[in-house]
Amino acid sequence: MKVSSLKIKTLILAFIPLFACQDIFCQAVPGKDENIPYLVAFGQNGETSWGDDDFRSIFFFTVPRDYNRQFYIRVFDPDSGGENDEIQGIFDTRTLFSVYGGNGVDPEKHIESRGLNDGDNFKSGNLLASRVFGNEPTYDNKYYTFGPFNPSEGEFNEKWNSYIFKIVCEGISGDDGNLFRYFLSRDAGSDLPIEGANAFTYEYTFRMWNDTKSVAHIYPYVDTGIVSIKQKNFDWDDDGNILVVSTYKQGISVPISNEDDYAESTIPVEPQEIGKSLDFQFHKRQGLLVRNNNVVISLQNQRGDALQFFSSPIGGVPVYQPITRIRKIQK
Ligand SMILES: [Ca+2]
Ligand SMILES: [Ca+2]
Ligand SMILES: [Ca+2]
Ligand SMILES: [Ca+2]
């Protein structure tokens, strides 16, 4: 790459707004670039060895201040039964989905809203809508739509110039795995994204594809002041490798969990990685397929603060760029 074109690219990147929506699928959760088929929450009578350590899933949506129309949160396959879900015995799981707004939701102001520790009041905020789903063919392999909501029903976050909403999914009874997805939409009946909106979580519980080829990704954002990150993964079933890739890292392999256990490690962060996203890559084991692998991952910085994973990576998908080193060799 010529220096001039590199400079131009750097300039262009500098002017991409923090929450720029870079493709029309950016409000799907899981996001398009993540290549994750489903989120997962088991009923609370399930066993943690099936891959969910707390029987809940908490996601946040950001709606930009300049969007002044109503919107919807759509849940795909909210039921536990029929297609997509993980049966244990018979389908008897009941799952509660709840949408919150107002004061108490913003996880930067209200740490408990993240729901990372047992006993945290993760239901902080105003309850805007909720519904329990059991084994319901009406919503099997189909959407249920929450809303409409007004953006101002969220909690305003000055830094992101956005209103924050929260959706909590809890497996309130039964033992089956509920697999589902979200979409933040302008329309009740179809997936129409809101320009500049995004979604994030602090603890990601998800299902891997049932093949050995697909690589799943999550994209934590490295904010100013971060010098190292502690990763913690749960119940990875000894299923291949987890690699960390960035513009600076070609691929660091991290310790992996096996069955119903955690694996932790600390990854150094370089100054070049600040203000960008990291790419955690989940590569499945080759050979004998590990089926129905559900996994949990969470990250903390060196101060013990949880890092967010954005459904649409901020600054785009990071690609390893060995440019500087090649130049040095050429000199
Ligand atoms: Ca069951
Ligand atoms: Ca289903
Ligand atoms: Ca489901
Ligand atoms: Ca697992």
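Below, each value reflects all heavy atoms present in this structure, side chains not excepted, and no hydrogens, waters or symmetry copies. First listed ligand is number 1; within each ligand, the first listed atom is number 1.
- Asp79 contributes no side-chain N or O that, together with a main-chain N or O of Asn135, makes up a donor-acceptor pair within less than 3.5 Å.
- Looking at residues two or more places apart in sequence or on another chain, you find no side-chain hydrogen bond (donor to acceptor under 3.5 Å, both in side chains) involving Tyr72.
- Shortest distance from the Ca ion (ligand 3) to Asp85 is reached at OD1 (N/O/S atoms only).
- Closest to the Ca ion (ligand 2) among the N, O or S atoms of Glu83 is O.
- Arg94 CZ: 12 or fewer foreign heavy atoms inside a 6.0 Å radius.
- Using a cut-off of 3.0 Å, one finds that Ser80 contributes no N/O/S atom close to the Ca ion (ligand 3).
- Looking only at N/O/S atoms, Asp175 comes nearest to the Ca ion (ligand 1) through OD1.
- Nearest N/O/S atom of Asp92 with respect to the Ca ion (ligand 1) is recorded as OD1.
- In this structure, Asp191 pairs ionically with Arg74, as a charged nitrogen and a carboxylate oxygen lie closer than 4.0 Å.
- Among the atoms of Gly89, no N, O or S atom falls under 3.0 Å of the Ca ion (ligand 1).
- If you put the vertex on the Ca ion (ligand 3), O of Asp77 and O of Leu179 sit 80° apart, to the nearest 10°.
- Between Tyr204 and Phe59, the distance separating the two ring centers is shorter than 6.0 angstrom.
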Check: When you look at Phe200 and Phe60, which way does the ring pair (Phe, Tyr, Trp, His ring centres under 6.0 Å) test go after all the steps?
Finding: CA-CA 5 Å; Phe200 63 90; Phe60 300 88; 5.2 Å; yes
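- Closest N/O/S atom of Asp140 to the Ca ion (ligand 2): OD1.
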Next item on the list: May I have the step-by-step check of ring pair (Phe, Tyr, Trp, His ring centres under 6.0 Å) for Tyr143 and Phe183, ending in yes or no?
Entry: CA-CA 10 Å; Tyr143 276 103; Phe183 200 100; 7.6 Å; no
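- Looking at Asp79 and the Ca ion (ligand 3) together, the shortest N, O or S contact belongs to O.
- Residue Asp176 approaches the Ca ion (ligand 1) most closely through its N/O/S atom OD1.
- Residue contacts to the Ca ion (ligand 1): Thr93 brings no N, O or S atom closer than 3.0 Å.
- Ring geometry for Phe97 versus Phe180: interplanar angle over 60°, hence perpendicular rather than tilted (30 to 60°).
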